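Computed over heavy atoms, backbone and side chain alike; hydrogens, waters and symmetry mates excluded. The chain is numbered in sequence order, starting from 1. The structure presented is a predicted model; accordingly, all values stated were derived computationally and were not measured.
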Amino acid sequence: MKVYISGRISDNKKFYREDFNWLEEQLKDLKDIEVINPIKFGEEKEWGEFIKKDIDALKKCDAIILINGNRPLHKSTSWKKSYGAQIERLIAKKYGIKIFYGWKHFRKWYEREHRYDISIGAE
C-alpha cells in the first residue's frame, strides 16, 4: 500500500520536518507500506509548483494520512491549518483514496487489517 503524508508545511518552518519525518519512520516499520513524504520532493519557489507535484504523487497512492496535530506531533502541523492539505484531502475524496485522520486512526485500521500477522512489532 502506498501512503501519502499530508500536513501544514507553509508558514510552519519550525516543526513540519520533524513531524513529517516522525510519521514516515512509524510507517516504514510496517509491512507492505510504501511511504510518500512530500517534504522529500525538494523545495519549490512557487507554491503552485509544489502543490502540483504533491497532487501528482497523491493520485498514485492508495491512502493519505492527514497529520491532525495530536501528540506526539505538533498542533502547528495540523492539516486543518493548511490550504494545501485541505486540497489534498479533497483530491483523495475525488479519487477514492483512503483517508486517515492522523497516525492513531491509520494504526487502528492497519492493526485490524493485519491482526493475524505476527510480524508486526509492538510499540
Side-chain angles (χ1 to χ4, degrees):
M1 170 183 253
K2 196 181 273 193
V3 179
Y4 183 89
I5 299 172
S6 180
R8 182 175 173 214
I9 294 174
S10 297
D11 302 322
N12 186 28
K13 300 298 181 203
K14 190 172 182 183
F15 296 115
Y16 81 88
R17 285 190 186 284
E18 181 182 330
D19 290 347
F20 276 68
N21 289 333
W22 179 87
L23 185 52
E24 180 180 16
E25 285 302 312
Q26 305 311 303
L27 294 166
K28 282 175 31 177
D29 291 339
L30 301 177
K31 182 179 177 185
D32 299 325
I33 299 295
E34 179 183 347
V35 182
I36 305 303
N37 185 345
I39 69 168
K40 298 198 174 170
F41 295 169
E43 300 277 332
E44 294 292 338
K45 292 182 182 178
E46 295 288 325
W47 182 85
E49 289 299 312
F50 190 80
I51 195 72
K52 183 181 180 315
K53 279 185 181 180
D54 292 353
I55 291 169
D56 289 344
L58 171 61
K59 291 190 319 190
K60 297 173 187 165
C61 291
D62 305 297
I64 183 172
I65 299 179
L66 299 163
I67 295 176
N68 60 10
N70 293 336
R71 296 266 179 225
L73 303 176
H74 300 91
K75 291 190 184 314
S76 63
T77 313
S78 173
W79 71 273
K80 293 177 184 178
K81 296 179 180 183
S82 169
Y83 185 62
Q86 291 177 35
I87 290 170
E88 291 166 350
R89 178 179 165 268
L90 291 172
I91 297 291
K93 278 186 164 190
K94 177 163 177 54
Y95 284 88
I97 296 167
K98 285 181 175 47
I99 301 172
F100 296 98
Y101 295 91
W103 164 242
K104 289 180 182 178
H105 183 209
F106 178 83
R107 183 66 187 205
K108 278 184 182 178
W109 172 86
Y110 184 86
E111 287 174 348
R112 194 170 49 248
E113 291 294 308
H114 295 85
R115 68 176 157 247
Y116 299 110
D117 187 347
I118 58 172
S119 67
I120 299 172
E123 287 185 14

Exercise. Where is the tightest heavy-atom contact between Ile36 and Ala57, given as atom of each residue plus distance?
Worked result: CG2-CB, 4.1 Å
For this session: Could you tell me whether the side chain of Ile39 reaches within less than 4.5 Å of the side chain of Ile5, counting heavy atoms only?
Result: no
Problem set entry | Rounded distance (nearest 0.5 Å) linking atom CG of Leu27 with atom OH of Tyr110 | 9.5 Å
Seminar exercise, completed: Minimal heavy-atom distance between Ala85 and Ser6, with the atoms involved, is CB-OG, 3.3 Å
For this session: List for me each residue that meets side chain to side chain donor-acceptor pair (under 3.5 Å) alongside Tyr95, sequence neighbours excluded, and say none if there are none.
Result: none
For this session: For Lys108, enumerate each residue passing the side chain to side chain contact (heavy atoms under 4.5 Å, CB included) test, keeping only those at least two apart in sequence or located in another chain.
Result: none
For this session: Can you tell me which residue pairs pass the salt bridge (Lys or Arg N to Asp or Glu O under 4.0 Å) test with a partner in residues 84-97, sequence neighbours excluded?
Result: none
Problem set entry | Residues in side chain to side chain donor-acceptor pair (under 3.5 Å) contact with Lys52, at least two apart in sequence or another chain | Asp56
Exercise. At their closest point, which heavy atom of Pro38 faces which heavy atom of Phe50, and how far apart are they?
Worked result: O-CZ, 3.9 Å
Seminar exercise, completed: So NE2 of His114 and CD1 of Ile33: to nearest 0.5 Å the spacing works out to 6.5 Å
Problem set entry | Glu111/Arg107 salt bridge by N-O under 4.0 Å criterion | yes
Less than 3.5 Å apart, which donor and acceptor atoms pair up between the side chains of residues 58-66 and the rest of the protein, not counting sequence neighbours?
residue: Asp62; atom: OD2; partner: Lys2; partner atom: N; Å: 2.7

Problem set entry | Pairing residues for Glu25 by the salt bridge (Lys or Arg N to Asp or Glu O under 4.0 Å) criterion, not counting sequence neighbours | Lys28
Problem set entry | Flag side-chain contact, heavy atom, 4.5 Å: Val3 against Phe106 | yes
Exercise. How far does CD1 of Ile67 sit from CG of Asp19, to the nearest 0.5 angstrom?
Worked result: 5.5 Å
Exercise. Can you name the nearest heavy-atom pair linking Ile99 to Ala92, along with the distance?
Worked result: CG1-CB, 3.9 Å
Exercise. Below 4.5 Å, heavy atoms only, C-beta onward: do Lys98 and Trp109 meet side chain to side chain?
Worked result: yes
For this session: Output the distance between atom CG (Asp32) and atom CE (Met1), rounded to the nearest 0.5 Å.
Result: 10.0 Å
For this session: Could you go through the side-chain contact (heavy atoms from CB on, under 4.5 Å) check for Ile87 and Asp54 one step at a time?
Result: CA-CA 10 Å; Ile87 290 170; Asp54 292 353; over 6 Å; no
